[in-house]
Amino acid sequence: MTKKKFICVALISVMALSLAACGNKKVDYGMNGGSDDADNAGGLDGQLDIPDNCDVTFDTGESKLSSITLKDDDIEVPDADRVYKVGFDTVNAPCSDDELKTIISKLFDDTSEIRWQDGDAAESKEILDNTIDLYKSEIEKALANGDPDYAETLEYEMKKVEEERKNVADELPLATEYKLNEHYVAEADGVQRIFMAASDAKEGAGYNNCYFTYDMTPEGEDKALVSEVPGTESTYEINVVGEDTYDGDEKNPITEDEGLSSAMKLLDNLGISGFACTETEEAVRAWTGGSYGEDICKKPDGYRFQFGRKIDGIDVVYSTDIDTVDSIDTDNLTYKGGVDKAVISVDKFGVVSSTVYVYANEDTFDKEEVKLLSWNEMIKAAGESIAKYYKDHPTNYGTVEFNDVELAYVPCADESGNKYFVPTWIFSQDEYNEDYRCDMPIQRVYINAIDGNYIDIIENMKKIGMYEEIGRK
């Protein structure tokens, strides 16, 4: 069986949302050509009189900035008609052994023999044998191409794998108990499924339950298209640049809906609800070999889905992408975790890999319906609050040019430590970041959608426990 490698460009942000703010009001025309605007009057855009687009200049106050503007050409309003302040508790992390056993029993087929592997243990003999074979093939290619130095380097690495193999048992023991940070392995129809659960929390101080799974595709499937090439290895990639990187007119073996169904089933088996798909990318499988392991061919092979939490149609946004924000200094802070997010890759065999983080316990949600400021009221209040924010948190920029605004829930905490999801207008100035290969914020301000005051991002995250000053407990 050939081991899959996963090459994914992971975005730091929990969710990618695109919203903004002041011009003509949205009008949705129905199938009969008439306007459905009256039907939308009960939605947030009608209730709050949110425009399609916005071009606003704010007062700079005592901020020392020469100008503060907001220009957004397309405001996408959440599909909701009610907004709440939502009290919540975090999940019980780490989960109990009994909870873990229940989850694993749902992930694996009832007829599968579930075996145990220590989380720090070496790979199975089968995997190591395949790795050794690949090294041997690459050594032969290097010598044939007149590169003995590279062949020597490969041989040195291969010997380390051979030594590792000597200490591996022929067969993994059957699982008799279930613990965190360990691997649970089962095989069905030639596909090996591996599951690991973990927690980023110390005992009794949970922030996240984390679940990791990955499958290993049958060896024959990996080599079917390139059987004439010895030592061929299959690599699972994500087509992050949105280009047709595969060969020919190949079609994806599964539809996006089929892939999404498999991903949702995994979340259901993990006992997770309240997540919604926020982003989809087509996945590509590359067969590598040749003289120096270059790609031989690429084919579309499934999808990668990103999920985040929604509450009644409104996204929950966590402050995980603030390292690039100029007015926020994170050098003396450490991020301790706290996010609801899932990244799940699916091919025709099912879930290829998944990384799932669970923070908020949906069973504890306590909703209190709240009245938000209208758009004009919010803009007026934001003008004062944003200037005050930049007085309190100076930026190195001379001007601030927000180009995105969105309404979302943001986790907050009061002085007693009680946690809430609070409806918040998030003002961002986004720029393309070469390192992350996506738009990242260089400016960001949170405005409470209920009262128009700014929310101090870092101080709020410290109250929640997501950030901690270095050197302090």
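The residues of the chain are indexed from 1 along the displayed sequence.
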**Request:** Start with the C-alpha distance between Asp340 and Tyr318, add both sets of side-chain angles, then the distance that settles side chain to side chain donor-acceptor pair (under 3.5 Å), and finish with yes or no.
**Result:** CA-CA 8 Å; Asp340 289 310; Tyr318 293 87; 2.5 Å; yes
**Prompt:** Who are the side chain to side chain contact (heavy atoms under 4.5 Å, CB included) partners of Thr102, not counting sequence neighbours?
**Reply:** Lys106
**Request:** Kindly indicate, with the supporting measurements, whether the criterion side-chain contact (heavy atoms from CB on, under 4.5 Å) is fulfilled by Asp147 and Asp149.
**Result:** CA-CA 6 Å; Asp147 195 346; Asp149 291 339; 4.1 Å; yes
**Item:** Distance-only donor-acceptor check, side chains His393 and Asp456, under 3.5 Å
**Value:** yes
**Prompt:** Do other residues, nucleotides or ligands put more than 12 heavy atoms under 6.0 Å from the CG atom of Asp392?
**Reply:** yes
**Item:** Distance-only polar pair, side chains of Thr278 and Gln306, donor-acceptor under 3.5 Å
**Value:** no
**Prompt:** side chain to side chain donor-acceptor pair (under 3.5 Å) with Asn396: which residues, sequence neighbours excluded?
**Reply:** Asp326
**Prompt:** Would you call Asp301 and Lys348 a salt bridge, taking side-chain N to carboxylate O under 4.0 Å as the test?
**Reply:** no
**Request:** Using a strict 4.0 Å threshold on nitrogen-to-oxygen distance, state whether Lys101 and Glu99 make a salt bridge.
**Result:** no
**Message:** Which residues pass the ring pair (Phe, Tyr, Trp, His ring centres under 6.0 Å) test with Tyr446, not counting sequence neighbours?
**Reply:** none
**Asked** Should the pair Lys159-Glu162 be classified as a salt bridge under the 4.0 Å nitrogen-to-oxygen rule?
**Response** no
**Item:** Residue list, ring pair (Phe, Tyr, Trp, His ring centres under 6.0 Å) with Tyr135, at least two apart or on another chain
**Value:** none
**Asked** Can any side-chain N or O of Asn460 pair as donor or acceptor with the backbone N or O of Ala413 at less than 3.5 Å?
**Response** yes
**Item:** Tyr454/Tyr389 aromatic ring centres below 6.0 Å
**Value:** yes
**Prompt:** In chain order, what residues pass the side chain to side chain contact (heavy atoms under 4.5 Å, CB included) check against Lys64, with sequence neighbours excluded?
**Reply:** none
**Request:** Determine, for Lys419 against Asp89, whether the closest basic-nitrogen to carboxylate-oxygen distance falls under 4.0 angstrom.
**Result:** no
**Message:** Could you work out, with ring pair (Phe, Tyr, Trp, His ring centres under 6.0 Å) as the rule, every residue matching Phe365, not counting sequence neighbours?
**Reply:** Phe421
**Asked** Do the side chain of Thr424 and the main chain of Tyr409 share a donor and acceptor less than 3.5 angstrom apart?
**Response** no
**Request:** Output yes when a side-chain donor or acceptor of Thr90 lies under 3.5 Å from a complementary backbone atom of Tyr359, and no otherwise.
**Result:** no
**Request:** Could you give me the CA-CA distance, side-chain angles and deciding distance for Ile344 and Leu267, then say whether side-chain contact (heavy atoms from CB on, under 4.5 Å) is met?
**Result:** CA-CA 9 Å; Ile344 303 174; Leu267 292 176; 4.0 Å; yes
**Complete:** Residues passing the side chain to side chain donor-acceptor pair (under 3.5 Å) test with Asn252, sequence neighbours excluded, are Glu282
**Item:** Contacts of Lys463 that satisfy side chain to side chain donor-acceptor pair (under 3.5 Å) - sequence neighbours left out
**Value:** Glu415
**Asked** Quick one: ring pair (Phe, Tyr, Trp, His ring centres under 6.0 Å) partners of Tyr178, sequence neighbours excluded?
**Response** Tyr184
**Item:** Intermediate values then yes/no, side-chain contact (heavy atoms from CB on, under 4.5 Å), Ser353 and Val351
**Value:** CA-CA 6 Å; Ser353 67; Val351 173; 5.8 Å; no
**Message:** Applying side chain to side chain contact (heavy atoms under 4.5 Å, CB included), can you list everything that pairs with Glu163, at least two apart in sequence or on another chain?
**Reply:** Lys166
**Message:** If only side-chain N and O atoms count, and only distance matters, is there a donor-acceptor pair under 3.5 Å linking Arg304 with Ser345?
**Reply:** no
**Message:** Restricting to side chain to side chain contact (heavy atoms under 4.5 Å, CB included), what partner residues turn up for Ser261, sequence neighbours left out?
**Reply:** none
**Request:** Quick one: list whatever passes side chain to side chain donor-acceptor pair (under 3.5 Å) with Asp439, sequence neighbours left out.
**Result:** none
**Asked** Among side-chain atoms of Gln443 and Thr395, is any donor-acceptor pair under 3.5 angstrom?
**Response** yes
